[in-house]
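First comes the structure, then the notes that go with it.
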Amino acid sequence: MVFFHSTIAPFRCYSICRSSRWIPYSTYIKNLLNNDNGKTKKSKIESLSPKRTRIKWTDEQKVILDAVSDGQSVFITGSAGTGKTLLMNNVVKRLKKIHPKGTVFVTASTGTAACGLNGQTVHSFAGVGIGLGNDESREMLLERVMANARACYRWSRVESLVIDEISMISHELFECLEYIARKVKSGGSLSEEKIWGGIQLVVSGDFFQLPPIMNKGENDGKVFAFEANCWNQSFDLHIELTKIFRQADPQLIKVLQEIRKGAVDSESMEILEKRSFQSVPDPSVVQLFPHTEDVKRVNKIKMDSLESNIIAYNASDTGKGHWKRLLDKGIALERLELCVGARVMLIKNLNIFGKLVNGATGTITRFNFYLDPMDKNDMDIRSICEYGNYLPVVKFDSGTEMVITPETWQVMDGDKVVAQRKQIRLMLAWAMSIHKCQGMTLDSLHTDLKRAFGPAMVYVALSRVKSFSGLYLSGFDPAKIKAHPKVVQFYKTHFLKV
Ligand SMILES: Nc1ncnc2c1ncn2[C@@H]1O[C@H](COP(=O)(O)OP(=O)(O)OP(=O)(O)O)[C@@H](O)[C@H]1O
């Protein structure tokens, strides 16, 4: 593989159009490679491949991994930043070691979380539509699922089911899943019926984070999966991770824990008020919004203001129908437009200990031309980069400068890859939605708390940040800090630390 940082011979002479601005190809190339008026910037650029690092699991994490390897059904919970997602990736590997090929199904309540784990959504796995068919009885639902050949096959194959981001699964869906599993696995014999049909269930999430989206009229007073009648019997082990990795400052941890439970004392309130600002402090700070329209608007304004040439990456996708549509619910965009000066964010870990994790932000300094037709990675870029083989170079806020290569996200149906997206592991980072930021670690963020709605939104937003110095608030409204009373009660009953 060869990088040309300073010169490139543009044998062709044609123009490239972006937003009706036409420039000569040679100028275009020069602009791409340099962000300082043609002078070549020499900098140390780190290796292309993510470094492999060994994680030292905590005792709590080890207990979970051992229980999973023993075939136990486990519910894993814990505050934001306690390593649930990192652990789940390892849990899946353990499950695949103890169960036959194609019998471990990895699912999550949202497309973003499902794509992050290389899985599928719970709804697509189960063959149940979103909304569960309103007035449909469980028997009718079972019949509908059994009429769906692929869903029927999955239910008959599954020996272990992973469900991530459980907080967004309703009690009704959880009960339906258990019912279907029990009925399918017993083959119609009542005496053979076992809870979850004997499937090993591994469920993870924090009920203090985003709740299920309930359809009007669907709510019979119950909301959360833990309110399902079968919840307690579903697991051999219920465990809460207590070591928080994302934040190190005990004062910030205390404030976040209080926000999580919706009860902030006067000392914490004072600290939060000190982080309130009239305007967005620094353009490099990520702005979090509850609504995606605001995210799109802000990113577009910022991008246009740079007036740089845009390099577009069109994802290379495989898969059909609803599997392919699932890719669009993930975090990697189908079309990603970048330019020199754009603020960007990593959407997949590169190096945990090098602090290049999901959420790490930086600025695009240039694009490198990448030329080696025999190289496999080169083919990857050519298939997605609209104008040639260019890779973005990002100067991360931590100081590291890195060339960012394409990454693959998969939708898996058991062990079978049913859809795949290859895209650069970046997204624009001037603004992002609170829903999309769930699971991320951010160095700094700005959010307007006045706009928050529903319980948990303030906690999800604020718990992304690593330190107080990176937290910027406006429109501070203590009334927006809410936890659902049922969730508080659930944790009080089962996990003594609340
Ligand atoms: N045992 C560990 N050693 C070192 N770092 C860890 C360990 N476990 C987790 N981490 C790191 O802690 C950070 C938070 O982890 P992770 O995102 O998995 O937390 P989470 O509980 O899923 O958070 P959230 O609920 O916000 O999604 C990540 O940067 C992760 O790499």
Side-chain angles (χ1 to χ4, degrees), residues 50-66 74-94 106 108-110 112-119 162-169 202-211 239-249 252-253 256-257 259-261 286 288 331 345-361 396 398 432-443 445 447 456-467 470-471 483 487 491 495:
K51 285 178 192 159
R52 293 213 170 271
T53 33
R54 217 178 155 71
I55 296 150
K56 195 169 177 302
W57 298 112
T58 63
D59 288 346
E60 290 165 339
Q61 289 172 326
K62 279 189 211 151
V63 167
I64 293 167
L65 291 171
D66 289 348
V74 187
F75 166 54
I76 305 158
T77 191
S79 305
T82 48
K84 298 183 295 298
T85 309
L86 190 73
L87 189 69
M88 284 304 265
N89 280 300
N90 214 274
V91 160
V92 172
K93 283 186 197 153
R94 300 265 177 134
V106 181
S109 54
T110 65
T112 309
C115 288
L117 269 178
N118 286 341
V162 171
I163 307 178
D164 196 21
E165 302 283 12
I166 186 70
S167 67
M168 295 188 78
I169 301 275
V202 181
V203 166
S204 171
D206 176 17
F207 285 107
F208 281 110
Q209 296 189 43
L210 298 176
I239 189 160
E240 185 184 28
L241 296 174
T242 55
K243 162 109 182 96
I244 294 173
F245 289 94
R246 189 169 290 139
Q247 295 87 16
D249 175 0
L252 177 56
I253 291 175
L256 290 176
Q257 285 302 307
I259 294 175
R260 183 173 184 248
K261 291 162 203 161
V286 183
L288 295 184
I331 196 134
M345 178 184 290
L346 270 181
I347 53 174
K348 224 174 196 189
N349 289 351
L350 259 180
N351 177 347
I352 295 170
F353 295 102
K355 299 197 172 85
L356 297 180
V357 293
N358 191 3
T361 47
F396 285 96
S398 58
M432 75 181 302
S433 79
I434 294 177
H435 281 84
K436 284 267 187 233
C437 81
Q438 188 156 316
M440 286 191 161
T441 302
L442 300 176
D443 284 321
L445 66 88
T447 189
M457 199 166 256
V458 174
Y459 177 61
V460 169
L462 270 51
S463 59
R464 304 304 105 204
V465 81
K466 291 200 279 194
S467 64
L471 181 62
V487 175
Y491 279 83
F495 305 102

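Both ligands and their constituent atoms are indexed starting at 1 by order of listing.
Ligand-side atoms of ligand 1 in range of Q209: 25 (O), range being under 4.0 angstrom from any heavy atom. Ligand 1 places these atoms under 4.0 Å from at least one heavy atom of G83: 8 (N), 9 (C), 15 (O), 16 (P), 18 (O), 19 (O), 20 (P), 21 (O). In summary, the atoms of ligand 1 found under 4.0 Å from a heavy atom of S79, numbered by their order in the structure, are 21 (O). Listed by atom number, the atoms of ligand 1 under 4.0 Å from Q61 heavy atoms are 1 (N), 8 (N).
Taking CG of L445 as the start and CG of L462 as the end, the distance is 6.0 Å to the nearest 0.5 Å.
The salt bridge (Lys or Arg N to Asp or Glu O under 4.0 Å) search around K436 returns none, not counting sequence neighbours. Under the side-chain hydrogen bond (donor to acceptor under 3.5 Å, both in side chains) criterion, T441 pairs with R246, not counting sequence neighbours.
Judged by the shortest distance from any of its heavy atoms, G81 lies inside the 4.0 Å radius around the atoms of ligand 1. Residue contact annotation: R464 has a non-hydrogen atom under 4.0 Å from ligand 1. The shell of residues lying under 4.0 angstrom from ligand 1, judged by heavy atoms, excludes D206.
The closest side-chain heavy-atom distance from K84 to D164 is not below 4.5 Å. Between M432 and L288, some side-chain heavy-atom pair lies under the 4.5 Å cut-off. Proximity of H435 to T110: side-chain heavy atoms (C-beta onward) are nowhere separated by under 4.5 Å. Residues N90 and I55 have side chains not in contact (no heavy-atom distance under 4.5 Å, counting atoms from C-beta outward). Here the side chains of M440 and I331 are in contact, with some heavy-atom distance below 4.5 Å.
Remark: among candidates D164, I55, L86, the nearest residue to atom 30 (C) of ligand 1 is L86, based on non-hydrogen atoms. Summarising the contacts of atom 21 (O) of ligand 1 with R246, K62, K84, the nearest heavy atom is found in K84. Among F208, Y459, W57, F245, the residue whose heavy atom sits closest to atom 3 (N) of ligand 1 is F245.
With a heavy-atom cut-off of 4.0 Å, S463 does not touch ligand 1 at all.
Geometrically, ligand 1 and T58 share no nitrogen or oxygen pair separated by less than 3.5 Å. When only interatomic distances are considered, the shortest N/O to N/O separation between K56 and ligand 1 falls below 3.5 Å. Considering backbone and side-chain N/O atoms, A80 never comes within less than 3.5 Å of an N/O atom of ligand 1.
The minimum heavy-atom distance linking L210 with S167 is given by the pair O-OG, 2.7 Å.
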